[in-house]
Amino acid sequence: MNFLTLIKNLLLTSFIAFFPITVFSDVAEDWQLGFQDPATPIMEGIINLHHDLMFFICVVSIFVSWMLGRTLWHFESNQNPTPSSLSHGTLIEVIWTVTPAFILLIIAVPSFSLLYAMDEIISPAITIKTLGHQWYWSYEYSDYLNEEGEAIMYDSYMLPEEDLELGQFRLLEVDNRMVVPTNTHIRVIVSAADVLHSWAVPSLGVKCDAIPGRLNQTSLFIKREGLYYGQCSEICGINHGFMPIVVEAVSLPNYITWISNKLSE
Ligand code: CUA
């Protein structure tokens with residue numbers, strides 16, 4: 001990253017800040033500091049909670065820095081040659097115990113409501129099983145059966161660098177994406193075939209551990225069509241960094257077409 005690119009990025013970020021255009025980033029960007037744009041109500045909730053907490057963090061850190069600075073200044077040995085013999089004060093101790101506890105209580109309210117909202121699985125219309133393998137993901141749509149009575153099942157491998165087309169993301173693109181409909185309650189069941197993996201997609205607000213011999217479940221309600229990029233988020237061996245996740249959210253009619261194509265394959 002040279003100086004010019006830095007300037008270019010700064011200009012670009014300030015341009016976007018002043019002239020908002022609707023381009024969603026559902027993939028990590030260079031020098032990104034914030035979140036990827038949310039596509040589910042859960043991710044919106046996570047971002048809002050983060051912003052709420054940021055308020056308390058700013059107030060607390062400004063106050064603590066001010067106290068620290070003031071103490072260092074006023075009680076420095078030259079300025080204050082004879083130290084005070086004060087060792088404790090009941091009132092101040094009650095205040096500095098109760099105030100942080102009270103702040104934590106205030107924070108706990110939105111935090112818990114979000115936590116329980118994330119846990120909720122609202123009568124899903126679709127259930128998709130995703131299995132982590134060393135080192136790829138596989139997806140299983142067992143709601144639908146073809147004429148032989150088999151469910152839709154396929155593997156999803158990362159595209160190697162030499163196979164990438166212009167505009168595709170290195171280390172993030174896969175050969176077979178997980179296709180889901182928008183505006184539908186989806187249940188994702190996560191497990192692993194060999195070692196621990198973790199199925200994580202930032203824009204969808206999902207990070208679910210894939211544990212061998214155990215089924216974890218999480219839910220998705222995607223509000224807009226798009227491509228959502230994620231990565232395995234549990235160290236699972238040498239190719240841990242090379243088992244990305246791509247969720248392709250399409251409209252319901254397109255999803256049905258996709259399913260029927262898959263079934264007739
Ligand atoms: Cu699979 Cu890390």
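Treat the numbers as computed from the prediction; the structure is a model and nothing was measured. Both counts, for ligands and for their atoms, begin at 1 and track the order of listing.
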**Prompt:** Have Arg187 and Ser219 got a donor and an acceptor in their side chains that come within less than 3.5 Å?
**Reply:** no
**Asked** Is His240 close enough that one of its N/O/S atoms sits under 2.8 Å from atom 1 (Cu) of ligand 1?
**Response** no
**Complete:** ang(SG Cys236, atom 2 (Cu) of ligand 1, SG Cys232) rounded to 10° is 120°
**Asked** If you measure from the Lys or Arg side-chain nitrogens to the Asp or Glu carboxylate oxygens, is any gap between Asp26 and Arg224 under 4.0 Å?
**Response** yes
**Asked** How wide is the angle at atom 1 (Cu) of ligand 1 between SD in Met243 and ND1 in His197, to the nearest 10°?
**Response** 100°
**Request:** Check whether NZ of the Lys or CZ of the Arg Lys262 lies under 6.0 Å from the centre of the six-membered ring of Tyr154 and within 45 degrees of that ring's axis.
**Result:** yes
**Request:** State the atom name: nearest N, O or S atom of Glu234 to atom 2 (Cu) of ligand 1.
**Result:** O
**Prompt:** Is a side-chain donor-acceptor pair under 3.5 Å present for Tyr229 with Glu173?
**Reply:** yes
